[in-house]
Amino acid sequence: MLREQARLRAAVLARDTEPWQEEPSLAGLRRVGGVDLSYPKGDETRACASLVVLSFPELQVLYEDCRMVAVSTPYVAGFLAFREVPVLVEAVRRLQQEEPALQPQVLLVDGNGLLHPRGFGVACHLGVLTGLPCIGVAKNLLQVDGLVKDELHREQIRSLRREGDTFPLTGSSGRVLGMVLRSSKNSSRPLYISVGHKVCLETAVRVVRSCCRYRIPEPIRQADIRSREYIRKQLCSPLEAASSGPQSSAREAELGD
DNA sequence: GCGACAG
DNA sequence: ATCTTGTCGC
């Protein structure tokens, strides 16, 4: 997996590539996508993956795809992409095939982009494999390249008084790996924004800010709501499967031999 | 052994 | 990620 990350990392573009990104007002941006996965509590093999596309700047849901999928790899810190990206790439392909006109101009991804142990988080990974501009949006700081959640960091967070306030995350390497953003006037908990693919950090922060009705940007929030609701329902309704039992592969495997 | 550990 | 209720505030 290390080899694979290094190979794909070479294809990451950390700068803007589209006309609307040159516009401080984001004029020309019409569709923003969001992805998220939710997991049933005990099950390590399945998940509900959802991809939504919202209109911009209205933030109305134009497209939604939410379904149970099989996940192959377990979650390992630093390798989240290997667990979540495969099914998300499938979701993007379905969208491109079934509703090409609703293709998002940028995708908000749960997790980090360049703010990663090897500079290639899930937002970069998904971006490279889909070719879509991606932005990493993490709810927690991944301590990397000298960045730590010490008292100084907490003080910097306290200094973010108004929504939209930010401060850069500069690693000991001198590189700015991401931006801490206060996305809501209500919550003092910030968001950790980083470049995923084909978007510069400044544009990334601008987009996320413009998508926040609450702390979590609307595209990701809508994807999150849908996937966890799907899990919640199917977790509370194994009752109605009792009437006509067509599924009995487990019993066949037992008695068959 | 101790602490970290996106989702 | 998931386990979990009420509660305080606008």
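Below, chain A is the first sequence line, B the second, and so on; all start at residue 1.
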For the pair A:Asp145 and A:Arg175, find out whether any cationic side-chain nitrogen is under 4.0 Å from an anionic carboxylate oxygen.
no
Over all strands shown, is A:Val76 touching base, sugar-phosphate only, or nothing at heavy-atom distances under 4.0 angstrom?
nothing
What integer distance in Å separates A:Tyr230:OH from C:dT2:C1'?
19 Å
Considering only NZ, NE, NH1 and NH2 on the basic side and carboxylate oxygens on the acidic side, decide whether A:Lys41 and A:Asp43 come within less than 4.0 Å.
no
Where chain A begins and ends its contact with DNA chain B, read 5' to 3' at 4.0 Å from heavy atoms:
B:dA4 to B:dG7
Can you check the distance between B:dG3 and C:dT4, where both ends of the measurement are the P atom (answer in whole Å)?
28 Å
A:Phe82 near the nucleic acid: base, sugar-phosphate alone, or nothing, with a heavy-atom cut-off under 4.0 Å?
nothing
Distance between the C1' atoms of B:dG1 and C:dG6, in whole angstroms?
40 Å
Looking at A:Ser159 and A:Asp165, what are the two nearest heavy atoms and their distance?
O-OD2, 4.4 Å
Below 4.0 Å: OP1/OP2 of C:dA1 and any side-chain N or O of A:Lys139:
yes
Do any N or O atoms from the side chain of A:Asp224 and from the backbone of A:Asp36 form a donor-acceptor pair under 3.5 angstrom?
no
Can you give me the closest heavy-atom contact between A:Val12 and A:Cys124, atom names plus distance?
CG2-CB, 3.9 Å
Gap between atoms OH and P, on A:Tyr75 and C:dT2 respectively (whole Å)
13 Å
Restricting to pairs with a member in residues 74-118 of chain A, which pass ring-ring contact (aromatic ring centres under 6.0 Å, His included), not counting sequence neighbours?
A:Phe82-A:His125
For C:dT2 and B:dC5, measure between their C1' atoms and round to the nearest Å.
16 Å
Measure CD/A:Glu44 against C1'/C:dT2 and give the value in whole Å, please.
10 Å
Need one value for A:Gly78: base, sugar-phosphate or nothing, where a base atom within 4.0 Å counts as base even if backbone is also close, heavy atoms only.
base
How would you label the contact of A:Asn112 with the nucleic acid (heavy atoms, under 4.0 Å): base, sugar-phosphate, or nothing?
base
Please classify the nucleic acid contact of A:Tyr39 as base, sugar-phosphate, or nothing, using heavy-atom distances under 4.0 Å.
sugar-phosphate
Identify whether any heavy atom of A:Lys185 sits under 4.0 Å from a base atom; if not, whether one sits that close to sugar-phosphate; answer base, sugar-phosphate or nothing.
nothing
Quick test of your reading of the model: are A:Arg158 and A:Glu151 salt-bridged, counting only N-O distances below 4.0 Å?
yes
Spacing of A:Asn186 atom CG relative to C:dG9 atom P, expressed in whole Å:
14 Å
